[in-house]
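First the proteins, then the strands, lettered A, B, ... as listed; each starts at 1. Owing to the predicted nature of the structure, the values given are computational and were not obtained by experimental measurement.
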2 protein chains.
Amino acid sequence: MNKRLQQMAQNREKLIEAGRDAFARHGFAGASMEELTAAAGLTRGALYHNFGDKRGLLAAVVHQIDEAMATEAQAAAARYDDLWLRLLAEGEAYIEMAMRPEVQRIVLLDGPAVLGDPSRWPSQNACLQSTKQSVRQLIQEGIFRPVDVEAASRLLSGAALNAALYVAASSDPAATLPKAIESFRTMAEGFLVERPGGE
Amino acid sequence: MNKRLQQMAQNREKLIEAGRDAFARHGFAGASMEELTAAAGLTRGALYHNFGDKRGLLAAVVHQIDEAMATEAQAAAARYDDLWLRLLAEGEAYIEMAMRPEVQRIVLLDGPAVLGDPSRWPSQNACLQSTKQSVRQLIQEGIFRPVDVEAASRLLSGAALNAALYVAASSDPAATLPKAIESFRTMAEGFLVERPGGE
DNA sequence: TCAACTCACATACATCTTGCATATGAATTC
DNA sequence: GAATTCATATGCAAGATGTATGTGAGTTGA
C-alpha cells in the first residue's frame, strides 16, 4: 500500500540521478530540463512539482553528492587513530574526490555560483562539519594552536578543495597531485603547536 | 583622425563598464544583454561585434577586475621591505578586496563557473603571478621551506580568496574578518622554516 | 464495492533570451 | 567626391524556463 508515496520517491530519485548526469555533462546552464526529464522517463511537470525549479534540482543533487563525500572522507580518516593524521587523511581524501569531474563541475563550480556560498547550504556542507569536529578536538588536546575553530576549519577544507581544482586543471594531474598534497600538508602544519621534525 | 577606432574603444569601455555593473547586480545568468547594452546607450549588435558572445564580455570584465586587484595588492605589499610581511600583506589585501560583492560575484563565483579554472584564464590570474614571485624569492632566501612554487602559490592565493568568501558570507563580517586573517596567517606560517616565536 | 476526491504528473502557453543574418549609414580612402 | 569598409542596428528563428490548466491513477470513506 501507499503505492503513490513509493512511486514519488522513486521518481525523485530518478530525477536526481538524471540531474546529476546532465549537470556533470553539460554544466548547470547548459543542461536542458526537457532532455533531462525525458532521460528519466518523465516530463518537466514532475520536476517542477518535486523541486520547484531548476535550482531546486541542483540543490538536491549537490546535497546528495555532498553527503556521499563526507561519508567517504570520514571512512578514509577512520583508518587512523591519531587525530592529526586523521585530519590529513580527510583533507587528502577531499583532494582526491574533488578530482572527479562530476564533483568539480557540480559541487565546486556550479554549486557556489548558483546556490551561493557552500557554508550557507542546507546540507551545511557535511565535509566542513567533520573537519570542524577534528579541529576542535585537536585544539582541546593542545596539538593545534588555539585558533578560531570555525575559521580554521573553513580555511582547511577550502584549501583541500582548492588544491583539488588546481590538480584537476593542471596539464598532468597525476604529477601534480603529490605536490598539491604536500603543500596542503605544509599549510595544515601551520596550525600545529610543535612542528614535526623531519619531512 | 581615426575617429572610428577611438569611438570603438570608447564603446568597448562603456560595454565593459555596463557588464561589470549588470553581472555584479544580477549574476552572469541573470544579466540580460538587452538591458545591459541599452544601459550603455547601445544595442546587442555592438556587443556581439566586440566580444563575440556573452561569455566574451564576461571574460573582458573579469580581466579588467583581475588586473586592478593585482595592482592594488602589490601596492599594499610594497609598503613592506620584508618579503614575508609582503606576502602576508598581499594575502590580506586579497581577502579584503574579495569582500566586495562585485569581486565575489564576478571573479570568484561566476568567473570560474563560466570561464573555467582561473589558472587557465588568459589574464593568467594576475593575483597568482605576483604571489608566485614572492614565494619563489622566499624559498631562495631560505625563509620558506623548499616546496613546489606553483602548488604553494596556488594554495596560498586560493586560501586568501576562500577566506574572503567565508568572511563575506558570515553573518557578522566585521567580526569574522580578523579571525579569517589570523587563520590565513597561521596557515601561511606552515611554509616558514622557522616559526616566529610568540603570537 | 463504489463513488468522490486528491494529487502527482503531463500538456499547453506566454515570455524571455541568445545568437545570427541582414541592413544601414558614417567614416575613411583613392 | 564617389566608392568602399565596417562598426553598429534591426529583424528573425530556435530554444529555454516557469506557470496555469488538464487528467487519470490511487486513496479514502461509507
Side-chain angles (χ1 to χ4, degrees), chain A residues 1-62 105-106 110-111 113-116, chain B residues 1-62 105-106 110-111 113-116:
Chain A
M1 60 191 66
N2 246 351
K3 197 171 173 183
R4 284 181 89 164
L5 286 182
Q6 193 176 332
Q7 185 70 249
M8 196 178 173
Q10 197 172 324
N11 283 345
R12 272 184 65 95
E13 194 54 41
K14 273 198 237 172
L15 287 173
I16 290 179
E17 202 54 42
R20 195 167 163 161
D21 186 68
F23 290 147
R25 201 188 303 274
H26 309 106
F28 178 76
S32 163
M33 305 305 270
E34 189 66 47
E35 289 182 14
L36 185 160
T37 50
L42 295 164
T43 69
R44 290 199 346 255
L47 185 139
Y48 283 95
H49 187 73
N50 279 284
F51 301 99
D53 60 2
K54 196 178 181 179
R55 290 180 61 207
L57 178 60
L58 178 65
V61 169
V62 162
R105 182 80 247 180
I106 300 179
D110 286 334
V114 176
L115 305 174
Chain B
M1 61 193 68
N2 247 351
K3 195 171 173 184
R4 283 182 87 166
L5 285 182
Q6 192 178 332
Q7 186 70 249
M8 196 177 173
Q10 198 173 325
N11 283 345
R12 273 184 62 96
E13 194 53 41
K14 274 197 236 170
L15 287 173
I16 290 179
E17 203 53 43
R20 195 166 162 162
D21 186 67
F23 290 148
R25 201 187 304 271
H26 309 107
F28 178 76
S32 162
M33 305 305 268
E34 189 64 45
E35 288 182 16
L36 184 160
T37 50
L42 296 165
T43 68
R44 289 196 352 257
L47 185 140
Y48 283 95
H49 187 74
N50 279 286
F51 301 100
D53 60 4
K54 196 177 180 179
R55 289 180 60 208
L57 177 61
L58 178 65
V61 169
V62 163
R105 181 81 247 180
I106 300 179
D110 286 334
V114 176
L115 305 174

_Residue pairs passing the side-chain hydrogen bond (donor to acceptor under 3.5 Å, both in side chains) test where at least one lies in residues 28-50 of chain B, sequence neighbours excluded_ =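 Qualifying pairs, neighbours excluded: Glu34(B)-Arg44(B).
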*Atom of Ile106(A), atom of Arg20(A) and distance for their closest heavy-atom approach*: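 Here Ile106(A) and Arg20(A) meet closest at CD1-O, 3.5 Å.
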*Looking at Ala22(B) and Leu36(B), what are the two nearest heavy atoms and their distance?*
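The answer is CB-CD1, 3.8 Å.
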*Is there side-chain contact between Leu47(B) and Leu42(B), with heavy atoms separated by less than 4.5 Å?*
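Answer no - side chains too far apart.
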_Full working for side-chain contact (heavy atoms from CB on, under 4.5 Å) between Glu17(A) and Val61(A)_ = CA-CA 8 Å; Glu17(A) 202 54 42; Val61(A) 169; over 6 Å; no
Looking at [atom1] of [X] and [atom2] of [Y], how far apart are the two atoms once the value is rounded to the nearest 0.5 Å?
{"X": "Asp21(B)", "Y": "Ile16(B)", "atom1": "CG", "atom2": "CD1", "answer": "14.0 Å"}
{"X": "Gln6(A)", "Y": "Asn11(A)", "atom1": "CD", "atom2": "CG", "answer": "11.0 Å"}
{"X": "Leu58(B)", "Y": "Leu115(B)", "atom1": "CG", "atom2": "CG", "answer": "4.5 Å"}

Whole angstrom value for the distance that separates [atom2] of [N] from [atom1] of [X]:
{"X": "Asn50(B)", "N": "dT8(D)", "atom1": "CG", "atom2": "C1'", "value": "9 Å"}
{"X": "Leu36(A)", "N": "dG18(D)", "atom1": "CG", "atom2": "P", "value": "13 Å"}
{"X": "Met33(B)", "N": "dG19(C)", "atom1": "CE", "atom2": "P", "value": "7 Å"}
{"X": "Leu5(A)", "N": "dC9(C)", "atom1": "CG", "atom2": "P", "value": "10 Å"}
{"X": "Phe51(A)", "N": "dT17(D)", "atom1": "CZ", "atom2": "P", "value": "15 Å"}

_Heavy atoms within less than 4.0 Å of DNA chain D: which residues of residues 38-49 of chain A have one? Give them sorted by number._
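Correct list: Arg44(A), Tyr48(A).
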*Give every residue pair that meets the ring-ring contact (aromatic ring centres under 6.0 Å, His included) criterion with at least one member in residues 15-47 of chain A, sequence neighbours excluded.*
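Non-adjacent pairs meeting ring-ring contact (aromatic ring centres under 6.0 Å, His included): Phe23(A)-Phe28(A).
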*In degrees rounded to 10°, what angle is found between the helical axes fit to the five outermost pairs at each end of the helix from dT1(C)-dA30(D) to dC30(C)-dG1(D)?*
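The angle, to the nearest 10 degrees, is 10°.
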*Name every residue in residues 52-62 of chain B that has at least one heavy atom under 4.0 Å from any atom of DNA chain C, in order of residue number, or write none if there are no such residues.*
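Nucleic-acid contacts, sorted: Asp53(B), Lys54(B).
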*asked:* Tell me which residues in residues 7-27 of chain A lie within less than 4.0 Å of DNA chain C, going by non-hydrogen atoms.
replied: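 Hits under 4.0 Å, by residue number: Met8(A), Asn11(A).
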*Between Arg105(B) and Ala113(A), is there a donor-acceptor pair closer than 3.5 Å when you use the side chain of the first and the backbone of the second?*
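Checked: pair present.
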